[in-house]
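Below: the structure, in structure tokens.
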Amino acid sequence: MELKPSESLKIDTFSMRIDSIEGVELDRLHALSLSVGWPHRAEDWQFLRESGQGFVALDEIGRVLGSAMWFAHGADFATVGMVITSPRLQTLGAGQWLMKRVFEKVAGRDLRLNATRAARRLYLSLDFQPEKTVYQCQGIARVQTMGKPANNQGDVRSLDAKDIPAAIALDAAGFGVRRAGLIERLFAHSTGYGLFKGDTLNAFALCRPFGRGHVVGPVVAENDADAVAIVRPHVADHSGSFLRIDTHMDNGEFAAFLSHGGMPVFDTVLTMSMGKRLTDFAVGGAITPMTYALASQTLG
Ligand SMILES: CC(C)(COP(=O)(O)OP(=O)(O)OC[C@H]1O[C@@H](n2cnc3c(N)ncnc32)[C@H](O)[C@@H]1OP(=O)(O)O)[C@@H](O)C(=O)NCCC(=O)NCCS
């Protein structure tokens, strides 16, 4: 973090320069993520670009050989994601170089990211601390009957724009940081279900097109039964098609619901932090809303 990284990097026969991700054609970003087997569509890159900032590494003829993004929330916090280097460049220092450029932009902020296995060593060497495993659950969704809502649980209803402030507040309690802009943008791309007790939103789950199908997230609830109650309608809506959900929950009713609903664990990544640890963000109180599913691995 202390060294000022240079504007260009020479690796083997490649000479790279860094540029903002902003003006880059989506097709070229899409080609980069395809080169490492990621499912993002051009539209997913577009959404991320609207939600954050980033760098690309370009070769002499303008090919995109690397990327790194950050998503700032408030003055003190950011998530980092879409850190990719082209396979022919990997292990040669380009990842470090891009991350050091990101560090210049996020100096002073607490950071959180979700590290693939391939990236763990990179982030450990940059002093990120391991926190929790994320279970990437996905598959062909199927409706199932387990975990029917208890009668006293509340009403599950579709969400609309008037529910955004309540969802922002619940998300902030679960995630530990208020991310109003992101939740508003997610609402614009998602369908949502909420669990209401009277007029009060107690839990919610959004679902939007992503990658090979749809992704459910974020999901914020106080307990497994509530989380199941708001995810179930999304599973029903997408029954027979590809659905994904990224969760820290590895056991209990919610995890069982996902695997019975056609979404077993496909892979894992590791949430890592720099600065404040996850527990430092926890809010007190008897009943605390928890993040049952991430918005995505990139966004947290
Ligand atoms: C993860 C990724 C960005 C790393 O980029 P990179 O250009 O290979 O990174 P660097 O060359 O700067 O390597 C950084 C560190 O990781 C080590 N490293 C990188 N790849 C390694 C490998 N396959 N095996 C062992 N060590 C490895 C390097 O030696 C270096 O360690 P050091 O700092 O202790 O010397 C790249 O592998 C990639 O794009 N992977 C696919 C997409 C992905 O998983 N992205 C991460 C999202 S969280």
Side-chain angles (χ1 to χ4, degrees), residues 1-19 21 24 28-41 44-45 47-49 51-59 63-71 78-106 111-136 138 210-212 215 217 244 246-248 266-274 278 294-300:
M1 233 183 182
E2 62 283 357
L3 292 174
K4 184 161 171 57
S6 63
E7 292 294 318
S8 62
L9 181 70
K10 189 144 174 54
I11 292 181
D12 282 357
T13 54
F14 293 102
S15 197
M16 285 185 296
R17 66 186 168 84
I18 199 140
D19 207 346
I21 204 166
V24 179
R28 294 197 290 151
L29 297 173
H30 189 208
L32 177 69
S33 52
L34 281 176
S35 77
V36 293
W38 283 11
H40 299 69
R41 305 162 306 154
D44 300 325
W45 272 104
F47 180 81
L48 291 169
R49 224 165 35 171
S51 305
Q53 293 167 276
F55 287 125
V56 284
L58 301 170
D59 72 3
R63 283 177 299 195
V64 179
L65 298 183
S67 65
M69 296 192 73
W70 68 97
F71 305 86
T79 59
V80 173
M82 302 312 281
V83 180
I84 301 174
T85 59
S86 169
R88 58 203 163 134
L89 280 190
Q90 285 171 11
T91 75
L92 298 173
Q96 285 266 6
W97 179 62
L98 279 161
M99 281 301 295
K100 289 192 169 159
R101 299 306 308 264
V102 171
F103 280 157
E104 289 184 318
K105 297 291 183 183
V106 296
L111 302 179
R112 203 183 296 174
L113 55 75
N114 292 299
T116 59
R117 229 162 274 120
R120 254 170 232 183
R121 174 139 170 214
L122 168 63
Y123 297 133
L124 284 171
S125 77
L126 294 168
D127 285 339
F128 279 88
Q129 303 297 315
E131 295 270 10
K132 275 185 188 176
T133 300
V134 176
Y135 300 89
Q136 178 180 335
Q138 64 185 47
F210 174 82
R212 296 171 57 191
V215 64
R244 168 175 170 171
D246 294 280
T247 179
H248 284 127
F266 168 77
D267 200 358
T268 59
V269 295
L270 180 66
T271 301
M272 300 179 85
S273 62
M274 185 184 287
L278 280 191
L294 310 183
S296 70
Q297 289 183 6
T298 294
L299 296 167

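For this chain, numbers begin at 1 and follow the sequence in order. Ligands are counted one by one from 1 in listed order, and the atoms in each one are counted from 1 as well.
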message = I'd like to know whether ligand 1 has W97 as a neighbour, heavy-atom separation below 4.0 Å.
response = no
inquiry  = Would L126 count as a contact residue for ligand 1, given that I'm defining contact as a non-hydrogen atom of the residue lying under 4.0 Å from a ligand atom?
reply    = no
ask   = Just how far is it from atom CD of Q129 to atom CG of L270, taken to the nearest 0.5 Å?
value = 11.0 Å
query = Roughly how far apart are L294 CG and R112 CZ, rounded to 0.5 Å?
reply = 9.5 Å
What pairs of donor and acceptor atoms, side-chain ones from residues 28-35 against any protein atom, are under 3.5 angstrom apart with sequence neighbours left out?
| unit_1 | atom_1 | unit_2 | atom_2 | d |
| --- | --- | --- | --- | --- |
| R28 | NH1 | G62 | O | 2.1 |
| H30 | NE2 | H40 | O | 3.1 |
| S33 | OG | H30 | O | 3.1 |
| S33 | OG | W45 | NE1 | 2.9 |
| S35 | OG | L32 | O | 2.6 |

At under 4.0 Å between heavy atoms, which part of [X] makes contact with ligand 1: side chain, backbone, both or neither?
X: L113; result: neither
X: T85; result: both
X: S125; result: side chain
X: V269; result: neither

Provide the closest heavy-atom pair for [X] versus [Y] in the form atom of the first, atom of the second, distance.
X: G211; Y: D44; value: N-OD2, 2.9 Å
X: R120; Y: T268; value: NH2-O, 4.4 Å
X: H248; Y: T133; value: CD2-O, 3.1 Å
X: A94; Y: M16; value: CB-CE, 4.1 Å

key: Any protein heavy atom nearer than 4.0 Å to atom 9 (O) of ligand 1   = yes
request  = Look up atom 30 (C) of ligand 1 and tell me if a protein heavy atom lies less than 4.0 Å from it?
outcome  = no
ask   = Sequence neighbours excluded, which residues qualify as salt bridge (Lys or Arg N to Asp or Glu O under 4.0 Å) partners of R17?
value = D19
Provide, to 0.1 Å, the distance between [atom] and the closest protein heavy atom, together with that atom's residue and name.
atom: atom 37 (O) of ligand 1; value: Q90 CD, 3.4 Å
atom: atom 44 (O) of ligand 1; value: T116 OG1, 2.6 Å
atom: atom 3 (C) of ligand 1; value: V83 O, 3.7 Å
atom: atom 24 (N) of ligand 1; value: T91 CG2, 4.8 Å
atom: atom 42 (C) of ligand 1; value: W38 CZ2, 3.5 Å
atom: atom 33 (O) of ligand 1; value: Q96 NE2, 2.6 Å
atom: atom 26 (N) of ligand 1; value: R121 NH1, 3.2 Å
atom: atom 4 (C) of ligand 1; value: L122 CD2, 3.9 Å

Atoms in ligand 1 with a heavy atom of [X] nearer than 4.0 Å:
X: A115; answer: 48 (S)
X: L92; answer: 11 (O)
X: A119; answer: 1 (C), 46 (C), 48 (S)
X: I84; answer: 39 (O)
X: N114; answer: 48 (S)

Return yes if some donor-acceptor pair links the side-chain N/O of [X] with the main-chain N/O of [Y] below 3.5 Å, else return no.
X: S86; Y: L89; value: no
X: S67; Y: M82; value: yes
X: R49; Y: I21; value: yes

message = Are any of the N/O atoms on G95, whether in the backbone or the side chain, positioned under 3.5 angstrom from an N/O atom of ligand 1?
response = yes
ask   = So, is G93 polar-close to ligand 1, with some N/O to N/O distance under 3.5 Å?
value = yes
inquiry  = Would you call the rings of W70 and F55 parallel, tilted or perpendicular, taking 30° and 60° as the class edges?
reply    = tilted
inquiry  = With side chain to side chain donor-acceptor pair (under 3.5 Å) as the test, pick out the partner of Q297 among D246, T116, N114.
reply    = D246
query = Can you tell if the side chain of L48 reaches within under 4.5 Å of the side chain of M69, non-hydrogen atoms only?
reply = yes
